[in-house]
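Read through the structure below, which is laid out as structure tokens, and then see the notes.
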Amino acid sequence: MIQVENLSKQYNIPRKKPGFVGSIQSLFSTQYETKTAVDNISFQIERGEMVGFIGPNGAGKSTTIKMLTGILVPTAGELRVHGRVPHKHREENAANIGVVFGQRTQLWWDLPLVESFELLKYIYKVPEARFKKNLQFLTDLLDVGTFIHTPVRQLSLGQRMRADLLASLLHDPSILFLDEPTIGLDALAKEKIRELLVSINKEKNVTVLLTTHDMVDIEQTCNRMVIIDKGNKIYDGGIEEIKNNYGKIRTLVVDFKNTPKLQPIDAVISISNEGLTYKIQFEKDILSASKLISMISEHNELVDLSIQEPEIENIIREIYKGEDDKAGLQRVAL
Ligand SMILES: Nc1ncnc2c1ncn2[C@@H]1O[C@H](COP(=O)(O)OP(=O)(O)O)[C@@H](O)[C@H]1O
Ligand SMILES: [Mg+2]
């Protein structure tokens with residue numbers, strides 16, 4: 001469905017000379033510096049996959065999405081969406097993909113929502129019968145019916161995002177690109193968008209590539225993620241795998257009856273407490289949870305206990321950190 005091979009993108013940024021004279025000189029001869037936004041990345045996505053595309057700010061996510069949608073021309077590398085080179089066949093590509101940019105809308109600000117949809121019908125040349133059917137289906141699915149006659153500028157951000165999602169799906173695209181679709185939304189609206197993405201994928205077998213800052217988006221919608229940092233791909237694999245490979249730290253939360261006596265244990269990384277509730281971080285590969293519990297309970301009386309899995313967000317942070325000090329490269333290659 002999507003094939004990306006050794007894809008790179010550099011931006012040429014005009015270098016301004018300082019001062020007034022510099023500005024005048026720049027009018028005649030502009031010097032450029034190049035900025036590599038995407039640096040030789042490769043990946044493939046199969047039909048029906050939901051892939052999270054994540055990375056810190058400025059990692060190159062939006063640039064990649066823009067190349068996939070044909071808005072930007074790559075500097076180097078091969079790129080195919082549905083067998084087509086997006087920037088060379090922009091129209092055919094557009095007929096097959098849906099795009100949502102969370103930061104801006106593709107809807108007409110002053111028009112009632114339904115009129116934006118009508119316009120998109122003409123733009124995408126959707127046959128009337130199919131348009132009606134899709135509009136009905138999507139209006140129900142995305143719960144847009146109550147504000148379909150409202151101008152876009154009067155919608156809440158969450159409503160607008162659902163409307164944008166609907167707009168992107170009217171022409172039955174087989175691939176949906178979403179660039180930060182949950183940005184700025186409150187928790188409830190985020191949750192709704194996540195659920196909708198999952199049902200769109202399920203109901204219509206739409207392939208989804210999603211960029212986001214929010215790891216919970218990824219955890220709840222995708223089974224695979226591609227991580228990029230500074231234009232480089234640093235991870236591509238399953239969400240479960242990443243937890244297993246990186247998440248070697250567990251936290252044992254224990255309520256003690258009295259202030260505990262705790263001996264130093266090799267596998268224990270940190271201990272913190274609030275009152276008699278203690279959080280003990282340990283490396284599960286060195287010491288099993290049951291062993292740790294039995295060691296602790298030997299000298300202390302436990303009231304309650306639980307074991308916390310690592311948050312995916314912490315794991316990702318660890319991966320970024322590893323990239324920075326390069327010591328992580330090997331771990332990343334796992
Ligand atoms: N139009 C542009 N001109 C010059 N540099 C750009 C442009 N768009 C993005 N960049 C730079 O390219 C890098 C990647 O940006 P972007 O793809 O937007 O990252 P992300 O979406 O992951 O935050 C950043 O360093 C950004 O400053
Ligand atoms: Mg971006």
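From a predicted model like this one, the values you see are computed outputs, not experimental measurements. Order of appearance sets the numbers: ligands from 1, and atoms from 1 within every ligand.
Note on Thr63: not counted as a metal contact of the Mg ion (ligand 2), no N/O/S atom lying under 2.8 Å.
Atoms of ligand 1 found under 4.0 Å from any heavy atom of Lys35 (numbered from 1 in listed order, with element): 25 (O). Per-residue contacts place Asn57 under 4.0 angstrom from the following atoms of ligand 1 (heavy atoms of the residue considered): 23 (O). Close approach to Gly58 involves these atoms of ligand 1, each under 4.0 Å from a residue heavy atom: 13 (C), 14 (C), 19 (O), 20 (P), 22 (O), 23 (O), 24 (C), 25 (O). Ligand 1 places these atoms under 4.0 Å from at least one heavy atom of Lys61: 17 (O), 19 (O), 20 (P), 21 (O), 22 (O), 23 (O). Taking every non-hydrogen atom of Ser62 and a distance limit under 4.0 Å, the qualifying atoms of ligand 1 come out as 17 (O), 18 (O), 20 (P), 21 (O).
Members clustered with Leu262: Leu252, Val254, Phe256, Ile265, Val268, Ile271, Tyr278, Ile280, Phe282, Leu287, Leu292, Ile293, Met295, Ile296, Leu302, Leu305, Ile307, by chain and number, using a 4.5 Å side-chain heavy-atom cutoff among hydrophobic residues.
Protein heavy atom in closest approach to atom 12 (O) of ligand 1: Ala37 CB, 3.3 Å. Of all protein heavy atoms, the one lying nearest to atom 16 (P) of ligand 1 is Thr63 OG1, 3.6 Å. Looking only at heavy atoms of the protein, atom 10 (N) of ligand 1 is closest to Tyr11 CE1, 3.3 Å.
Residue pairs meeting the ring-ring contact (aromatic ring centres under 6.0 Å, His included) criterion with at least one partner in residues 80-107, sequence neighbours excluded, do not occur; the list is empty.
Seen from the ring of Phe131, Lys121 counts as a face-on cation partner, given the 6.0 Å and 45° thresholds.
Between Arg194 and the options Thr221, Asp217, Thr182, Thr212, a side chain to side chain donor-acceptor pair (under 3.5 Å) holds for only Asp217. Remark: of the listed residues Asp39, Thr36, Thr75, Thr63, Thr36 is the sole one forming a side chain to side chain donor-acceptor pair (under 3.5 Å) with Gln10. Of the candidates Gln220, Met50, Lys192, Leu197 forms a side chain to side chain contact (heavy atoms under 4.5 Å, CB included) with just one, namely Met50. Tested against Arg224, the residues Glu219, Glu49, Glu46 include a single salt bridge (Lys or Arg N to Asp or Glu O under 4.0 Å) partner, Glu49.
By the definition of a contact as any protein heavy atom under 4.0 Å away, atom 18 (O) of ligand 1 is in contact. Closer than 4.0 Å to atom 4 (C) of ligand 1 lies at least one heavy atom of the protein.
Put simply, part of Gly60 is less than 4.0 Å from ligand 1, judged by heavy atoms.
Taking both residues in full, the closest heavy atoms of Phe53 and Ile218 are given as N-CD1, 4.3 Å, listed atom of the first, atom of the second, then distance.
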